[in-house]
Each structure stands twice: as structure tokens, then as C-alpha cells.
Peer 1: 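This is the structure I have questions about; it appears just below.
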Amino acid sequence: MTPQELAGHIKAALQSAISSGQLALSSEDIPTEIVVERPKNLDHGDWATNVAMQVGKKAGLNPRAAAEILQVILQELPGVEAVEIAGPGFINIRLSAASQGEVARDIIAKGKNFGRGVQLAGKKINVEFISANPTGPLHLGHTRWAAVGDAIARVLEAEGAESAREFYINDLGVQMDKFGASVKAAALGEPIPEDGYHGAYIPELAAQVVSQNPAIVDLAEPQRSEAFRDAAYALQLADQKRVLDNFNTHFDVWYSEKSLHTSGAVDRGFEKLKSQGHMFVEEGATWLRTSDFDDDKDRVLIKADGALTYFASDTAYYVDKRNRGYDLCIYLLGADHHGYVNRLRAVAACAGDNPDENIQILIGQMVKMLKNGEEVRLSKRAGNIITLEDLVDEVGVDAARYSLIRYPVDSPLVLDLDLLVSNTNDNPVYYVQYAHARIASVVRNAAELGLIPADTSNWDPATFDPSQLTDDREGALLGLLADYPRVVASAAELREPHRIARYIEEVATSYHSFYAACRVLPQGDEAVTELNIARLWLCAATRQVIFNGLELLGVSAPDRM
RNA sequence: GCCCGCGUAGCUCAGUGGAUAGAGCGUCUGCCUCCGGAGCAGAAGGUCGAAGGUUCGAUUCCUUUCGCGGGCACCA
């Protein structure tokens, strides 16, 4: 029996207690979501629910009395071994081994689809993240969003959403000109402007630009400056794409800010806002009255000199995303952009949308780095940067992604590079991957011994007898595996993929504990028993859940390490 | 000044109103003649920053306060 099924039974038990007059409640008093969770202390049982405490007061009973009424009904369910009432009114439910073990059969049958849900079925969601200036390499700060943003998209898809990963290219404005001027200066052997970019990559870019087009240096101004800017931009953007592809983060849409202006999207955005009546002119400038919707003050769209603000691009971009059919636009921004939250939500409201439904802004805190025990200050212009590519070169894609995803984004992250570089075995990703490889090895050995086919899709469900799995550690592991769909659902709902990482670490711990205590394969010339086979099913189910979880994080699940 | 986030074990951090607050690292004690020891079993280590409030119950929600980080534009 799965916790989802159990929740259904509990709801039915409530209904039957109501219709028999034992509980003085109406059907509306039944909580819409019955909470069935694993007790912290497994001595309490396999599953626990707090419904008696929720409904007790409404029914005019103390929670324990309400629990006793439900206890009588739940005890009769097939597969339920014991129902106990504890503490203030918890109902603790213990399943029979046979019932508990069914989840392993279910996992093998569903394979990669185990844990997927339909919570977000039919939703089109745009997930925008990184959105760096194409004026230099992606640094470690961007790397957190690259890993987390991609994982969020994966988790949303696991719940049935159609998601698009989108990168907004800030290819307009003075920083592009400074970037171009820096590359040009390097190519001509001139000093780089004071307010330009001073990284070591600038001379390298300059050399590439010139080798692609040697005639560029002889162009007349201002064509030469523009040519340098455009060529360097193209190279830098291609480099960012290459690095992100290597990082296992693949964007579906690369959206150019410049194209917003050339395609007429800005005008369409203004039309939309004007039609909703939130634009006005004052002191020669055109404004959006975002203060109608929780923003501190109104924002300028068109400056008195006629130039468009960056905010104008933002509004047009949002309207454009909605025009492209996305029900929800998620923005993943750094903490230095938190002031944008209210104004972006106000943009959605000004466009006639519901800010609680159509837009969501996730603020991620900064990544700090320690090296030699001291914080590394980042400065792209000074060239003092640690890039995404550097990090991957040092620790690998899996360790980099995993260590960035396993923390919630709303707390600042301190990465100790020395630890990550010098002592990678301490990284939890290896612990999880090791569990996966270890199981793969056990199953491989079993297949070589002829116990069972190598490929689980050829396993015969009739050979699996879950009632064999009576050890406490087997029960603990099975219960944890059964909890996986709920973990995926909450990770999707809360946009918190780190929950997946923490969960599979628990699974790995639980497996290692089981493995140390429960022999899976027969030793020497022992006969093969149903227990051996049942434990192999448990192994394979565990491997599948770890595999599925790692896939949601974009981390590989090796069969050998 | 105003806004956002954080404050949990020596360190780095989990914990979407529940039971005795958890993990890794570090420290200490055990476990490889047999399925992968990148592992397992155990010990020590906490006024959950502080004070009020809400309720059957608060690390979690609300208010105040202290500390740390980040942000305020007709810049991009």
C-alpha cells in the first residue's frame, strides 16, 4: 500500500465515521489534503497521520477520542498490521511486510516514470535564469543559477508541465560598447580603457577576432568599433553556450534584448500597457504607474530625451513571453535584483495579469567562495574571476551541479574551493553515486550467477514475494522509497530541487544500512531462496529511485565508479 | 531611513505547525577469510540569536528587538 492509497483510505474512514454518526462533522470539515508522512522515529510505525487532531475540535471531541474512532475502521484494512494512537492524537499505522513491499514491484514496473506526477499537467512554464551580459565568461555566481534553474525545469516537467529554459541576452547598452572597445584596444595594442574590461580573456578574444577577419583593423571608424563589438559578442556568446552545454544545462530559448526592439515587441508591450490604462506622461517622460500595484514608486519607460529605459525592455519582454503562450513566467534572479520583485509583479498586474498566477520571481542569494580560508572577491573587470568552466575543470560536472543544487537558494552559499577541490570524496554526490554503483554491482553479480535477468524489464513479477522483507531495515527502506512521489511533488510545488538531493541522500544511507545488515546474494553453494530474490527486487527498486532522483538534478548515475 | 534574505552542534548546513530538533565534516570507540570499507554500528557535542504573541502544540506563523549579508537611479 502506498501513502497515497493510505490517505484515500483515511478519507473514506472519515466519511464512514460521519455517515454512521460517530463523528459530528460535515463532509466539508474533512481536510482536502490528508497528511500521511513518515514518522521521524520509525518505532512509531510506517506511516502517521495527524487528521484526528485536525478534526477533533470541530467534532467536539478530544483528538484521541476521534483517533480511536478512526483506529477501529483502519485496523480492518487489508495490509494494515497495526494501528496505534500516540501522543496528542497521532494515528500510527504499521503495514504488513507484504503490503509495504508492493512498492518495489510498482517501482520496477514504472521504471523511469516512477515518481512522476500530474500536478502541473497542461501548464506551459517559462523558466528564465542566468541572463548574463555576453561580455565575459560565466562565473561561479551564474553557475548556481545554471544548476538550480535547470533542475527546477526538470522537476516541473516531472510533474507534467511543459517548461522552457530561457536565457535573456543583455546585448544592448553601453556595456556592450565598453566591451567592444576593450577588445578593439587589445587588438590594436592600445591600453584598455579605464572603464573597460580587463580580464585575461579580452586579448584572447581580440586575437580570435583578428584571425577570423584580418581586415577588421583597417576599417574606418565607427564601422571598426561596431565590427569589433559584434564579432567579440558572437564569440563570447558561443563560448557561453558551449560552457553551458558541457555543464548539462541546455537552453531552449536564447532571447536577445536587441531583438525586442527590432521585432516590434517593445511597441506591442507599450500598446498592451496603454490599453490597460497604466501609462502616463509627466515632466517629459513616459511612466508606468506600478505604484498602483505594490511598487514603491512609478517607473520611467521613456526618458525625457526620448531614450528607452532598461525597464521598458523588461515590460516588453514580459508581455512577449505571455504572448508566446506561457501560463507562468518564472524568473530566477540574484539577491542584488531583489528590488525588481515588486516592480516585475506590478508589470504583470499592469498588463492585466494576475501576479500570483502568471509570474513568479525567485530570489537566490549570492555564492561566496573561500580560498585559502579567505573570501574571493569577484570582479569581472579586474579579471579576478573564477569561471563556471574553471569549477567544472576542477571538480567535474556532477560534483559542481550537485553541491550547488543541494542547498535552498534563499540562503547564501559558501563554497570552500579548497575542500571541494582537494577532498572531493567528502562531497555527498559521491555518497549517492556510490550507493547506485554498489547496487548495480550486486545486480550484475546476481545476473552472472543466473539468479535473475540483467535487465529489470525482463524480471518476472510472479517471482517477487514482498512478504519476505521483514527486517526493520527493509521496511525502513521500502517506506522511504514509497515517499519519493510526494518528495517530487513538493519539490515542484515549492520550486525547491534541493529536496530531491536531500531525499536521495537519505535513500543512500538507508540502503547502505540495509546492505550492511542484510545479505542479498547467496554465499558459496547456498541454495537460492525467495528471500534472495525479494532483496534483489528491493535493490533494483532503490537503484531506480536514486537514478530517477539524480536525473532530476542533471547528475549522472554511474554503474561503476 | 525604507525594502528583501539569513541567524539551528566546533565548521558547513537540512528541517513547507507536530512526537526525543537532524546530516556531513572534525573528535572519540568498534567492524573487511564472503555481495564494492567512497561503507556500517556507536559516543560526545544544542538556552534553534533575544523577548512577547497566536493554539491542543512554535525552530516553523505574527510583532518587537539585536547581529550579518544584499538592495534603493529618467544606470545597464
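Chain letters run A, B, ... following the sequence lines, proteins first, then strands; residues in each count from 1. All values reported here derive from a predicted model rather than from experimental measurement.
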Peer 1: Distance check, C1' atoms only: B:G67 and B:A50, in whole angstrom units.
Peer 2: 11 Å
Peer 1: Could you go through A:His337 and A:Tyr331, starting from their C-alpha distance and side-chain angles, then the distance that decides it, and tell me whether this counts as ring-ring contact (aromatic ring centres under 6.0 Å, His included)?
Peer 2: CA-CA 11 Å; A:His337 285 69; A:Tyr331 293 71; over 10 Å; no
Peer 1: May I ask which nucleotide in the shown strands pairs with B:G46, Watson-Crick or G-U wobble, both distances under 3.5 Å?
Peer 2: none
Peer 1: Between A:His512 and A:His337, which is nearer to the 5' end of RNA chain B once each is assigned its nearest nucleotide?
Peer 2: A:His512
Peer 1: Can you check the A:Gln54 CD to B:C56 P distance for me, whole Å?
Peer 2: 14 Å
Peer 1: Provide the distance between the two C1' atoms, one in B:C11 and one in B:A58, to the nearest whole Å.
Peer 2: 28 Å
Peer 1: B:G5 and B:G22: how far apart are their C1' atoms, nearest whole angstrom?
Peer 2: 23 Å
Peer 1: Is the side chain of A:Arg401 donor-acceptor paired with the backbone N or O of A:Ser403 at a distance under 3.5 Å, no angle test?
Peer 2: no
Peer 1: Examine distances only and state if a side-chain atom of A:Ser513 and a backbone atom of A:Thr509 form a donor-acceptor pair shorter than 3.5 Å.
Peer 2: no
Peer 1: If we take the C1' atom in both B:U60 and B:A19, what is their distance in whole Å?
Peer 2: 16 Å
Peer 1: Can you give one letter per nucleotide of nucleotides 11-16 of chain B, going 5' to 3': B for a protein heavy atom under 4.0 Å from the base, S for sugar-phosphate only, - for none?
Peer 2: -SSSSB
Peer 1: Within the pair A:Lys297 and B:C72, is there a side-chain N or O less than 4.0 Å away from OP1 or OP2?
Peer 2: no
Peer 1: I'd like the C1' distance from B:G26 over to B:G45, given in whole Å.
Peer 2: 11 Å
Peer 1: Could you please name the partner base of B:G1, counting Watson-Crick and G-U wobble pairs only when both distances are under 3.5 Å?
Peer 2: B:C72
Peer 1: Do A:Tyr511 and A:Phe514 have ring centroids that are under 6.0 Å from one another?
Peer 2: yes
Peer 1: At less than 4.0 Å, is any side-chain N or O atom of A:Asn445 found next to OP1 or OP2 of B:G36? Yes or no.
Peer 2: yes
Peer 1: With the side chain of A:Asn92 defined as its heavy atoms from C-beta on, choose the nearest nucleotide among B:G70, B:A73, B:A19.
Peer 2: B:A19
Peer 1: May A:Phe90 be described as stacking on the base of B:A19, applying a 5.5 Å centroid limit and a 30° limit on plane angle?
Peer 2: yes
Peer 1: Please determine, for B:U60, whether a Watson-Crick or G-U wobble partner exists with both distances under 3.5 Å, and give it or none.
Peer 2: none
Peer 1: Which nucleotide sits closest to the side chain of A:Tyr430: B:G71, B:A38, B:C40?
Peer 2: B:A38
Peer 1: What's the closest nucleotide to the side chain of A:Ser513 if the choices are B:C40, B:C74, B:G70?
Peer 2: B:C40
Peer 1: Taking the C1' atom of each, how far is B:A51 from B:U59, in whole Å?
Peer 2: 16 Å
Peer 1: From B:C74, B:G5, B:A19, pick the nucleotide closest to the side chain of A:Gln365?
Peer 2: B:G5
Peer 1: Between C1' on B:C3 and CD1 on A:Ile361, what's the gap in Å once rounded to a whole number?
Peer 2: 15 Å
Peer 1: Going by 5.5 Å between centroids and 30° between planes, is there a stack of A:Tyr515 over B:C35?
Peer 2: yes
Peer 1: Would you kindly check if the NZ (Lys) or CZ (Arg) of A:Arg502 is within the cone defined by 45 degrees around the ring axis of A:Tyr407 and under 6.0 Å from the six-membered ring centre?
Peer 2: yes
Peer 1: What distance, rounded to whole Å, do you find between the two C1' atoms, one in B:C40 and one in B:G24?
Peer 2: 16 Å
Peer 1: Starting from C1' on B:G70, measure out to CG on A:Leu333 and report it in whole angstrom.
Peer 2: 14 Å
Peer 1: Could you please name the option among B:G36, B:C40, B:A19 that lies closest to any side-chain atom of A:Tyr431?
Peer 2: B:C40
Peer 1: Give me the distance, rounded to whole Å, that separates B:A14 from B:U54 when you measure between the P atoms they each carry.
Peer 2: 31 Å
Peer 1: A:Lys178 has an atom NZ; how far is it from atom P of B:C75, in whole Å?
Peer 2: 13 Å
Peer 1: Grab the CZ-C1' distance between A:Phe280 and B:C74 for me, whole Å please.
Peer 2: 12 Å
Peer 1: Checking all strands, does A:Gly173 fall into the base, sugar-phosphate, or nothing category for heavy-atom contacts under 4.0 angstrom?
Peer 2: sugar-phosphate
Peer 1: Reckon A:Asp336 touches a base, only the sugar-phosphate, or nothing at all at heavy-atom distances under 4.0 Å?
Peer 2: sugar-phosphate
Peer 1: Can you tell me whether the side chain of A:His338 and the base of B:G5 have a donor-acceptor pair closer than 3.5 Å?
Peer 2: no
Peer 1: Taking for each residue the nucleotide of RNA chain B with the nearest heavy atom, is it A:Glu37 or A:Val442 whose nucleotide lies nearer the 5' end?
Peer 2: A:Glu37
Peer 1: Kindly state whether the ring of A:Tyr255 and the ring of A:Tyr317 have centres lying under 6.0 angstrom apart.
Peer 2: yes
Peer 1: How would you label the contact of A:Val174 with the nucleic acid (heavy atoms, under 4.0 Å): base, sugar-phosphate, or nothing?
Peer 2: sugar-phosphate
Peer 1: Which nucleotide wins on minimum distance to the side chain of A:Pro88, given the candidates B:G18, B:G36, B:C40?
Peer 2: B:G18
Peer 1: Which nucleotide sits closest to the side chain of A:Val300: B:A19, B:C74, B:C35?
Peer 2: B:C74
Peer 1: Is the centre of the A:His512 ring less than 6.0 Å from the centre of the A:Tyr434 ring?
Peer 2: yes
Peer 1: If we call it a pair only when both distances are under 3.5 Å in a Watson-Crick or G-U wobble match, what pairs with B:A41?
Peer 2: B:U29
Peer 1: Is there a Watson-Crick or G-U wobble partner for B:A9 with both distances under 3.5 Å, and if so, which one is it?
Peer 2: none
Peer 1: Taking any heavy-atom pair under 4.0 Å as a contact, classify A:Ala517: base, sugar-phosphate, or nothing.
Peer 2: nothing
Peer 1: Apply the salt bridge (Lys or Arg N to Asp or Glu O under 4.0 Å) test between A:Arg345 and each candidate in A:Asp314, A:Asp295, A:Asp356; give the one that qualifies.
Peer 2: A:Asp356
Peer 1: When you measure from the centre of the six-membered ring of A:Phe280, is the NZ or CZ of A:Arg289 under 6.0 Å away and within 45° of the axis?
Peer 2: yes
Peer 1: From CG of A:Asn62 over to P of B:G57, roughly how many Å is that when rounded to an integer?
Peer 2: 14 Å
Peer 1: Among side-chain atoms of A:Gln365 and A:Asp410, is any donor-acceptor pair under 3.5 angstrom?
Peer 2: no
Peer 1: Using only side-chain N and O atoms of A:Arg473, determine if any of them is under 4.0 Å from OP1 or OP2 of B:A41.
Peer 2: no
Peer 1: Across all strands, who's sitting opposite B:C35 as a Watson-Crick or G-U wobble pair, both distances under 3.5 Å?
Peer 2: none
Peer 1: Please report, rounded to the nearest Å, how far the P atom of B:C3 is from the CG atom of A:Asp294.
Peer 2: 13 Å
Peer 1: What is the distance, rounded to the nearest whole Å, between atom CG of A:Asn41 and atom C1' of B:A21?
Peer 2: 13 Å
Peer 1: So A:Tyr402 and A:Asn427, do their side chains get closer than 4.5 Å, heavy atoms only?
Peer 2: yes
Peer 1: Among the candidates B:G36, B:C74, B:A19, find the nucleotide nearest to the side-chain atoms of A:Ala48.
Peer 2: B:A19
